[in-house]
Amino acid sequence: MSFDIIHFEALGPEAQHLEEEISHAKVRGELPAGHSYLITPQTIQDFLQQAPDAALPDIISVKTHSIIPDDYFAGSKKSVVTRSAGYDHLEHLSDSVNIASLREYCVNAVAQTAIKFLYAAAGELNHYTVNTRTFERKKSRAFMELDEQRVVTVFGVGKIGKRIYELAKANGLQVQGVDIRANDLSMQYGDAVKFVSKEEAICNSDILINAMNLTKNPTSRFYNVGYFSKDYLLQAEKELIFINITRGEIAPEADLLELYSTQRLMGIGLDVFTSEAQFAEYLQAGKGTSQGFCAAGELVRMSLERTANIYVQPHQGFNSDVAARTKAVEAVKHIIAWYRNGGEFFDEQLPYY
């Protein structure tokens with residue numbers, strides 16, 4: 001059986017919300033009454049392995065673990081909705097494929113995750129939790145009080161970064177932003193965001209929060225693999241808290257571990273890790289021996305054992321109740337726009353900048 005669209009990797013509540021939003025769009029007349037679709041928890045490769053003769057429709061929606069076969073791109077120009085905020089897994093196809101990502105669905109959820117990490121690290125949560133076992137009160141370390149003297153820098157002041165900026169400011173902190181698009185964003189945000197250079201930020205910050213999309217293309221001016229290198233972070237004049245909520249490749253775990261071990265970082269919060277699918281295998285089965293995985297694994301161990309001021313979670317910053325529904329809403333909005341545009345393009349698609 002053929003479908004107008006297939007939604008791959010749709011699990012649990014997300015699959016239910018997709019059903020609901022497609023039905024609503026049909027009732028509103030925004031999608032054709034005969035619009036046929038399949039919602040499946042399978043990746044593309046698993047789906048095609050079970051049904052090797054199946055033809056993929058001209059528009060599909062995926063998440064990060066689906067690998068689109070090369071022969072899919074033959075013939076007419078195809079369209080892909082990636083149901084994630086990040087798009088680095090498809091960025092290399094943007095010259096030949098219409099690609100839309102979900103730039104709205106998890107903005108508040110991920111921003112709140114960054115602030116959760118900030119309070120945990122500034123408050124020395126692991127240290128104080130361990131002290132509760134013996135009700136130790138006399139030898140506790142002083143935690144970092146958050147006030148207008150503390151400087152937070154948000155790197156990447158797009159939709160998520162802007163929300164982090166607002167929440168940090170609402171918590172009484174002095175906030176600034178770093179973004180390669182600062183000139184353009186200043187016209188959009190006006191005085192709502194103070195932009196500084198990367199060089200100024202490392203000198204005056206107490207807290208660094210990474211909210212940049214990952215760009216792996218070395219020829220792009222947005223290329224940022226290894227952006228938070230050891231050499232860069234060593235330029236800091238204060239002992240830093242570092243928080244990463246977008247992609248692990250932007251901040252190598254080996255450098256973070258070394259800087260924490262030498263007390264150049266006082267706290268770390270990570271929702272993301274480098275090569276997450278492979279790192280998951282490493283954690284689950286002990287596979288892989290790269291230095292990067294070993295360092296990331298050590299950060300996880302220290303966090304779970306509460307032996308360090310380090311806080312981790314497995315890329316779940318988007319996983320709020322509101323975000324699950326909004327993900328389906330935003331995905332269906334892209335599909336509605338695609339139909340409205342005669343199946344030729346999305347209203348908003350890569351390249352965004």
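- Arg247 has no carboxylate O lying under 4.0 Å from a charged side-chain N of Glu276, or vice versa, which leaves the two without a salt bridge.
- Closest heavy-atom contact between Ala85 and Ile160: CB-CD1, 4.4 Å.
- More than 12 heavy atoms of other residues, nucleotides or ligands sit less than 6.0 Å from atom CG of Asp147.
- Using a cutoff of 4.0 Å between basic side-chain nitrogens and carboxylate oxygens, Glu330 and Lys333 are scored as salt-bridged.
- Remark: the backbone N or O of Ala142 is not paired with any side-chain donor or acceptor of Glu124 at under 3.5 angstrom.
- For the residue pair Phe293 and Tyr282, the shortest heavy atom distance occurs at O-CE2, 3.4 Å.
- Of all the heavy atoms in Asn98 and Phe346, the pair that sits closest is O-CE1, 3.6 Å.
- Ring geometry for Phe47 versus Phe8: interplanar angle over 60°, hence perpendicular rather than tilted (30 to 60°).
- With hydrogens and angles ignored, the 3.5 Å screen pairs no side-chain donor or acceptor of Tyr119 with any backbone N or O of Leu125.
- Two residues are said to be in side-chain contact when any heavy atoms from C-beta on lie closer than 4.5 Å; Ser205 and Gln176 meet this criterion.
- A donor atom on one side chain and an acceptor atom on the other are not found under 3.5 Å apart for Gln49 and Gln42.
- Note: Phe242 and Tyr260 fail the aromatic proximity criterion, with ring centroids not under 6.0 Å apart.
- When all heavy atoms of Ala120 and Tyr311 are compared, the closest pair comes out as O-OH, 3.3 Å.
- Within 6.0 Å of CZ in Arg221 there are more than 12 heavy atoms belonging to other residues, nucleotides or ligands.
- Under the 3.5 Å distance criterion, the side-chain polar atoms of Ser36 are left unmatched by any main-chain donor or acceptor of Phe3.
- Within a 6.0 Å radius of NZ in Lys63, other residues, nucleotides and ligands contribute more than 12 heavy atoms.
- Within a 6.0 Å radius of OH in Tyr37, other residues, nucleotides and ligands contribute more than 12 heavy atoms.
- In terms of heavy atoms, Gly86 sits closest to Asn213 at CA-OD1, 4.0 Å.
- Not one N or O on the side chain of Asn126 forms a donor-acceptor pair closer than 3.5 Å with the backbone of Asn309.
- Using a cutoff of 4.0 Å between basic side-chain nitrogens and carboxylate oxygens, Lys327 and Glu21 are not scored as salt-bridged.
- Under 3.5 Å, the side chains of Asn224 and Thr215 contain no donor-acceptor pair of N or O atoms.
- Between Lys216 and Glu91 there is no salt bridge, since no side-chain N of the basic residue sits under 4.0 Å from a carboxylate O of the acidic one.
- In this structure a side-chain-to-backbone donor-acceptor pair under 3.5 Å is present from Gln45 to His65.
- Under a 4.0 Å N-O distance rule, the pair Lys169/Glu166 does not qualify as a salt bridge.
- Considering every non-hydrogen atom in both Glu249 and Ser275, the closest pair reads OE2-N, 3.0 Å.
- Note on Arg264 versus Glu239: no salt bridge recorded, every NZ/NE/NH1/NH2 to OD/OE distance being 4.0 Å or above.
- Gln174 places a side-chain N or O within 3.5 Å of a backbone atom of Glu148 that can act as its donor or acceptor partner.
- Of the possible polar contacts, one joining the Arg150 side chain to the Glu145 backbone as a donor-acceptor pair under 3.5 Å is found.
- Side-chain atoms of Ser140 and Asn131 form a donor-acceptor pair, as typed in the model, at a separation below 3.5 Å.
- Checking Glu104 against Thr326 by side-chain atom types alone, no donor-acceptor pair falls below 3.5 Å.
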- request: List the steps, then state whether side chain to side chain donor-acceptor pair (under 3.5 Å) holds for Asn210 with Tyr227.
  value: CA-CA 10 Å; Asn210 173 47; Tyr227 183 99; over 6 Å; no

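- With Ser303 contributing its side chain and Leu299 its backbone, the two residues share no donor-acceptor pair below 3.5 Å.
- For the pair Lys198 and Phe155, the cation-pi test (distance below 6.0 Å, angle within 45°) is failed.
- In this structure, a donor-acceptor pair under 3.5 Å is present between the side chains of Ser101 and Tyr352.
- Side-chain contact check for Asn341 and Asp347: at least one donor-acceptor pair (N or O, by modelled atom type) lies under 3.5 Å.
- Look at Glu20 and Arg325 and you find a salt bridge, because one of the NZ, NE, NH1 or NH2 atoms lies within 4.0 Å of a carboxylate O, short of that distance.
- No hydrogens or angles considered: a donor-acceptor pair under 3.5 Å links the side chains of His89 and Thr82.
- Between the side chains of Ser66 and Thr43, not a single donor N or O lies within less than 3.5 Å of an accepting N or O.
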